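No experiment lies behind these values; they were computed from the predicted model shown. When a residue number appears, it is its place in the shown sequence, counting from 1.
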Amino acid sequence: MDPTSRKEKRISKGVMDGGDHITIKCSICFEALSPPISECTEGHAICSSCHLELPQDCVFCSLQNIYTCAITLEKVAESAVFPCRNTKYGCRQFLSFSQMRLHESTCDYARFFCPKQGCSFEGSKHKLMYHLAEHYSALILVFGHDEQFSVKLFSSRDIMCLLSEDNFLYLIIRKNTEHGWAVSVVCIRPPEVSKPELRYELSLKCDGEFHLRLETRIESTTLKNGLPADKHFLMIPSEFCSSGCVELNVCIRKNPV
């Protein structure tokens, strides 16, 4: 049997995951494969994440057998449907690779974590939102993307929850510094999800004369390791937040031009 026939036989075996759902799993982590896929000549296929962490030689073969691009598997994967990574938490969605990115960014079964040090909470983003409101007095505001709205930040609260009308959850983070308040926005979704692109704009008029403004990309996070490091933030000087309350203009954009 020639190598091509052996490869097609290997693909036809083990790609069905119940019913009509086609999946191909990584030989290392057993997650569903999606392009780019690497494979040795003996058919051991691995995902891009595992490939980056492992040597070039196949870890399953006794002889040196270098991983190469699995073009045939990638063609199968592009036309296949995959189970959501949150299947073990109750999600039953099977979608194409291109559809899965968007789904997983808003999946109701994804696991997120409380950013408060010492808190062991984990759950869906909606449960996280209500957890922050109940235990840490976080305010919740429903808003629309690409529309400017105003929020009031208080010295008594360091987190505010923003829930978009299309089910995206954001946190406004306020941190005390020696110079005033550092304010930033994060999106509660897996950090590897890159679409849709998200940006935010914060602006503040101080005494009708001085204008503060920040526009930057939004970091995505599951909060598993706490709040991400502050790369970009709006610094509100101490003299403008001395009253303990600041009204801030906010606009969150999807797929900005």
Side-chain angles (χ1 to χ4, degrees), residues 6-40 42-54 58-60 67-114 121-131 163-164 166-170 186-198 218-225 254-255:
R6 285 202 302 271
K7 181 174 287 188
E8 289 175 352
K9 185 176 181 180
R10 286 196 302 270
I11 292 170
S12 66
K13 291 177 60 179
V15 297
M16 302 302 294
D17 191 13
D20 296 326
H21 301 308
I22 302 175
T23 60
I24 312 167
K25 294 186 177 181
C26 174
S27 300
I28 304 292
C29 65
F30 302 108
E31 294 291 334
L33 284 170
S34 58
I37 301 170
S38 300
E39 184 184 31
C40 79
E42 294 301 313
H44 301 125
I46 61 174
C47 66
S48 56
S49 297
C50 289
H51 193 202
L52 289 174
E53 296 175 3
L54 295 171
C58 177
V59 297
F60 296 100
Y67 289 113
T68 58
C69 179
I71 298 175
T72 306
L73 280 178
E74 288 187 352
K75 288 181 179 179
V76 173
E78 287 170 357
S79 60
V81 291
F82 299 88
C84 174
R85 72 173 67 189
N86 302 310
T87 297
K88 57 186 175 183
Y89 300 124
C91 185
R92 297 293 177 261
Q93 289 286 343
F94 280 78
L95 299 166
S96 68
F97 176 63
S98 58
Q99 295 171 317
M100 189 61 70
R101 291 284 181 164
L102 178 58
H103 165 75
E104 289 185 345
S105 70
T106 58
C107 178
D108 290 333
Y109 294 92
R111 312 305 286 176
F112 300 98
F113 302 83
C114 181
F121 170 88
E122 62 177 86
S124 70
K125 63 186 175 186
H126 289 96
K127 288 182 178 179
L128 171 64
M129 179 175 66
Y130 292 118
H131 167 81
L163 182 66
S164 73
D166 51 352
N167 206 34
F168 281 71
L169 177 63
Y170 304 87
V186 296
C187 180
I188 305 304
R189 66 174 183 173
E192 62 270 25
V193 176
S194 59
K195 299 293 183 180
E197 294 179 6
L198 303 167
I218 296 181
E219 298 288 335
S220 297
T221 177
T222 64
L223 300 171
K224 187 173 184 178
N225 299 312
K254 286 171 62 177
N255 297 314

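Of all the heavy atoms in Y109 and Y89, the pair that sits closest is CD2-O, 3.2 Å. Contact record, I218 with C187: CG2-N, 3.5 Å, taken as the closest heavy-atom pair. Here the closest heavy-atom approach between residue P191 and residue T222 is recorded as CD-CG2, 3.9 Å. Of all non-hydrogen atoms in S124 and R111, the two that sit nearest each other are N-NH1, 4.2 Å. Closest approach of N86 to C107, counting heavy atoms only: ND2-SG, 3.4 Å.
Proximity of a side-chain donor or acceptor of S27 to a complementary backbone N or O of A45 within less than 3.5 Å is detected.
Proximity of L163 to K125: side-chain heavy atoms (C-beta onward) are nowhere separated by under 4.5 Å. The shortest distance between side-chain heavy atoms of E39 and I46 does not fall below 4.5 Å. Residues C47 and C29 have side chains in contact (heavy-atom distance under 4.5 Å, counting atoms from C-beta outward). The shortest side-chain heavy-atom distance between Y170 and L198 falls under the 4.5 Å cut-off.
A distance of 11.0 Å separates CD in E122 from CG in L128, rounded to the nearest 0.5 Å. If you take CD on Q93 and CD on Q99, they are separated by 9.5 Å, rounding to the nearest 0.5 Å. Once rounded to the nearest 0.5 Å, the distance linking CZ of R85 with SG of C91 reads 11.5 Å.
Every side chain to side chain contact (heavy atoms under 4.5 Å, CB included) that D166 has, sequence neighbours left out, goes to H145, S164, F168, K254.
We find that E219 and R189 are not joined by a salt bridge, their nearest charged nitrogen and carboxylate oxygen being 4.0 Å or further apart.
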